[in-house]
Enquirer: 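Right, I'll just put the structure down here and ask away after.
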There are 2 protein chains.
Amino acid sequence: MSAARTARDRARQELTIEIKDEARRQLATDGAHNLSLRAVARSLGMASSALYRYFPSRDDLLTALIIDAYNALGDAAEQADQGATPLERWRGVCHAVRRWAIDHRHEYALIYGTPIPGYQAPRDTVGPAVRVVWLLGQIAHAAGVEDSAIPDELRAQFDPIEAAVPTGATVRVVFAWTQLFGMVSFELFGQLVGSADPADAFFGYAVDEVAGFVGLT
Amino acid sequence: MSAARTARDRARQELTIEIKDEARRQLATDGAHNLSLRAVARSLGMASSALYRYFPSRDDLLTALIIDAYNALGDAAEQADQGATPLERWRGVCHAVRRWAIDHRHEYALIYGTPIPGYQAPRDTVGPAVRVVWLLGQIAHAAGVEDSAIPDELRAQFDPIEAAVPTGATVRVVFAWTQLFGMVSFELFGQLVGSADPADAFFGYAVDEVAGFVGLT
DNA sequence: TCTCTGTCAAGAGCGCTGCTCTCTAACTTG
DNA sequence: CAAGTTAGAGAGCAGCGCTCTTGACAGAGA
């Protein structure tokens, strides 16, 4: 059902996108904390109450933006998944994640910063949310790497995941995933100021070290 | 000047602490986002306007809480710095960081989550903020480890830091630092749900791997 | 001892927020 | 065309951070 049937449906679809676009614009300048439904409505020239026909609450609008952000990051990562060797693919994805985060810092903060209090991530977000780590897993899988020296308890915990989405080195991929986003978050949130900031060299080094740890060459 | 001179000074000092305590209590239940000066004042049985005599703005109160949180985490880390070998000390500190973060999730989110928009970390926060990584550096230094295979450009960037605070393996320590907090943040912010959560086994594994990477035995 | 000064808490109020409810006008469907 | 649905506007509620003014009080100097 891609084509809207009635004019009303089409208008609704377009306005929904317009609202998200304007909200994203405000997000980029003011941050999620200062995102105001009234300000969005004002920019769109409509009454604030009218927005509630499209998003039942501020949190629902934020959720929509969260899903979009996960998908935008996932798209960027997938597009960067190029290269002759698994190592090149891995590097491409990791650097694309950082690039996207720097270019969309408030959207990044929205999905990898403090979760909104009292807010439970709806089911819709988990699919888009795992795209990056899933991609890293695919690259590891293609490289034919294998987890080694994993404690029994941990191996048992990861067995079902490895069975569902075989990567060969799920534990190490998850490790790499936490390191990657830890590094990006620290850079964006200002923790590296005074040490590894600007972080280009440090990031490149860390990505290569972790890739080696996963077993890529 | 630990003893307050006049009764007025003493009352002021005590009230300042009471305000922070009550704010911390609300932080623990509602999160930083929902911390309200009016609610704090209400709980303390005073007018909201009176709070402004102690903290000129909501951000200033948050800044005070941030500094306290950094120091509480630093204290917890230092207290856990025990063990016969550098590896044991390292493990103790890393696990203490995680423990503290889990026990004070909202305070952790306050300092390692999304920075408050339009808010610049005042100078006062940088000292407390580096206590954990400084401690990790000290342990590495005591172990006599050395950075190896560091690209020239990166080494040059870290040279001044290494000169000021010698650790022997500053680059790898910073790497470990980003990995540690990336892992803790992912666990607390719900990113590991469905894979490494509960994260006890994964955390222990990752800490030991990184300790090995730094060169500790 | 009395007065004067600086400090303090309180109250009212401004402009903003998310959100709800009601009402009207327009559109869609049978 | 009539009935039913939906979109948008407006008023209003309770809450927020913050400011300004007002009246009470403690401590210092005459």
Side-chain angles (χ1 to χ4, degrees), chain A residues 1 3-20 22-27 29-66 106 110 115-120, chain B residues 1 3-20 22-23 25-27 29-66 110 115-120:
Chain A
M1 274 303 149
R5 286 174 328 205
T6 70
R8 192 175 256 172
D9 279 356
R10 212 173 320 126
R12 181 177 185 84
Q13 217 167 31
E14 279 178 20
L15 236 183
T16 305
I17 293 175
E18 267 184 65
I19 293 170
K20 286 202 289 184
E22 178 57 34
R24 224 185 319 271
R25 226 168 289 138
Q26 298 203 6
L27 192 68
T29 59
D30 306 331
H33 178 80
N34 295 329
L35 177 64
S36 142
L37 283 185
R38 293 178 109 112
V40 170
R42 222 176 294 130
S43 281
L44 262 47
M46 60 195 295
S48 65
S49 53
L51 276 192
Y52 286 83
R53 300 250 177 230
Y54 296 85
F55 298 95
S57 76
R58 183 177 178 274
D59 272 4
D60 288 273
L61 175 55
L62 279 177
T63 301
L65 293 180
I66 286 173
H106 284 110
L110 188 64
I116 296 157
Y119 163 89
Q120 294 271 60
Chain B
M1 273 298 154
R5 284 175 328 210
T6 71
R8 197 173 255 175
D9 279 356
R10 211 173 320 125
R12 182 177 185 83
Q13 215 168 32
E14 279 178 20
L15 237 182
T16 305
I17 293 175
E18 267 185 64
I19 292 170
K20 285 202 289 184
E22 177 58 34
R25 226 168 289 137
Q26 297 203 6
L27 192 69
T29 59
D30 306 330
H33 178 80
N34 294 330
L35 178 64
S36 141
L37 283 186
R38 292 178 110 112
V40 171
R42 219 176 296 129
S43 282
L44 261 46
M46 61 196 294
S48 65
S49 53
L51 276 193
Y52 288 84
R53 298 238 172 239
Y54 296 86
F55 298 94
S57 76
R58 182 177 179 276
D59 273 4
D60 288 273
L61 175 54
L62 278 177
T63 300
L65 294 179
I66 285 173
L110 188 62
I116 296 155
Y119 163 88
Q120 294 271 59

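Proteins get letters first, then strands, A, B, ... in listed order; numbering begins at 1 in each.
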Enquirer: What is the minimum heavy-atom distance between B/Ala41 and B/Ser48, and which atoms define it?
Expert: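 In this case the closest contact between B/Ala41 and B/Ser48 is CB-CA, 3.5 Å.
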Enquirer: For the OG atom of B/Ser49 and the CZ atom of B/Arg38, what is their distance to the nearest 0.5 Å?
Expert: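 If I round to the nearest 0.5 Å, the distance is 9.0 Å.
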Enquirer: As an exercise, state the distance from CG of B/Leu15 to CD of B/Gln13, rounded to the nearest 0.5 Å.
Expert: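 Rounded to the nearest 0.5 Å, the CG-CD separation comes out at 11.0 Å.
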Enquirer: Of all heavy-atom pairs between A/Leu35 and A/Arg58, which one has the smallest distance, and what is that distance?
Expert: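 So the two residues come closest at O-NE, 2.9 Å.
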Enquirer: D/dC16 P sits how many Å from B/Leu51 CG, rounded?
Expert: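 For the pair B/Leu51 CG and D/dC16 P, the rounded distance is 12 Å.
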Enquirer: Do you know the tightest heavy-atom contact between B/Ala23 and B/Leu61?
Expert: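 Here B/Ala23 and B/Leu61 meet closest at CB-CD2, 4.0 Å.
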Enquirer: If you compare all heavy atoms of A/Tyr54 against all heavy atoms of A/Met46, which two are closest, and at what distance to 0.1 Å?
Expert: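 Heavy atoms only, the tightest pair is CE1-CE, 4.5 Å.
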Enquirer: Can you find an N or O donor on one side and an acceptor on the other, under 3.5 Å apart, linking the side chain of A/Ser49 with the base of D/dG8?
Expert: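 Side chain to base: no pair present.
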Enquirer: Polar atom pairs between nucleotides 21-26 of chain D and protein, under 3.5 Å, N or O only, would you list them?
Expert:
none

Enquirer: A/Ala64 and A/Phe55: which non-hydrogen atoms are nearest, and at how many Å?
Expert: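 Minimum heavy-atom contact is CB-CE2, 3.9 Å.
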Enquirer: Tell me: CD of A/Gln13 to C1' of D/dT6, nearest whole Å?
Expert: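 Whole-Å distance recorded here is 16 Å.
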Enquirer: Can you see which heavy atom on B/Arg12 is nearest to which on B/Arg53, and at what distance?
Expert: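 Shortest heavy-atom separation between B/Arg12 and B/Arg53 comes out as NH2-O, 2.6 Å.
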Enquirer: Would you kindly give the CZ-to-C1' distance between B/Phe55 and D/dT19, to the nearest whole Å?
Expert: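 In whole Å, D/dT19 C1' lies 19 Å from B/Phe55 CZ.
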Enquirer: For A/Leu15, report the nucleic acid contact type (base, sugar-phosphate, nothing); a contact means any heavy atom under 4.0 Å.
Expert: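 Sugar-phosphate, no base atom in range.
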Enquirer: B/Ala47 or A/Arg42: which one's nearest nucleotide on DNA chain C is closer to the 5' end?
Expert: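 The residue closer to the strand's 5' end, by nearest nucleotide, is B/Ala47.
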Enquirer: Quick one: list whatever passes side-chain contact (heavy atoms from CB on, under 4.5 Å) with A/Ala39, sequence neighbours left out.
Expert: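 Testing A/Ala39 for side-chain contact (heavy atoms from CB on, under 4.5 Å), a comparison that skips the adjacent residues, returns A/Gln26, A/Ser36, A/Arg42.
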Enquirer: Counting only distance, no hydrogens or angles, is the base of D/dG15 paired donor-acceptor with the side chain of B/Arg38 under 3.5 Å?
Expert: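 Result: no qualifying N/O pair found.
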Enquirer: Looking at every strand, decide which applies to B/Tyr54 at a 4.0 Å heavy-atom threshold: base, sugar-phosphate, or nothing.
Expert: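 The answer is sugar-phosphate, as B/Tyr54 gets under 4.0 Å only of primed atoms, P, OP1 or OP2.
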Enquirer: Output the rounded distance in Å from OH (A/Tyr52) to C1' (D/dC13).
Expert: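 So the two atoms are 13 Å apart, to the nearest Å.
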Enquirer: Under 4.0 Å, heavy atoms only, any strand: does A/Leu35 hit a base, just the sugar-phosphate, or nothing?
Expert: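 Result for A/Leu35 = sugar-phosphate.
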Enquirer: Side chain of B/Arg58 only, heavy atoms from C-beta on: which candidate in D/dC18, D/dA9, D/dA7 is closest?
Expert: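 For the B/Arg58 side chain, the nearest candidate turns out to be D/dC18.
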Enquirer: When you get a sec, tell me which of D/dA11, D/dC16, D/dA7 is the closest nucleotide to the side chain of A/Arg12?
Expert: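 Of the candidates, D/dA7 comes closest.
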Enquirer: On DNA chain C, which is the earliest and which the latest nucleotide, 5' to 3', with an atom closer than 4.0 Å to a heavy atom of chain B?
Expert: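 Under 4.0 Å from chain B, the extent on DNA chain C is C/dG6 to C/dG13.
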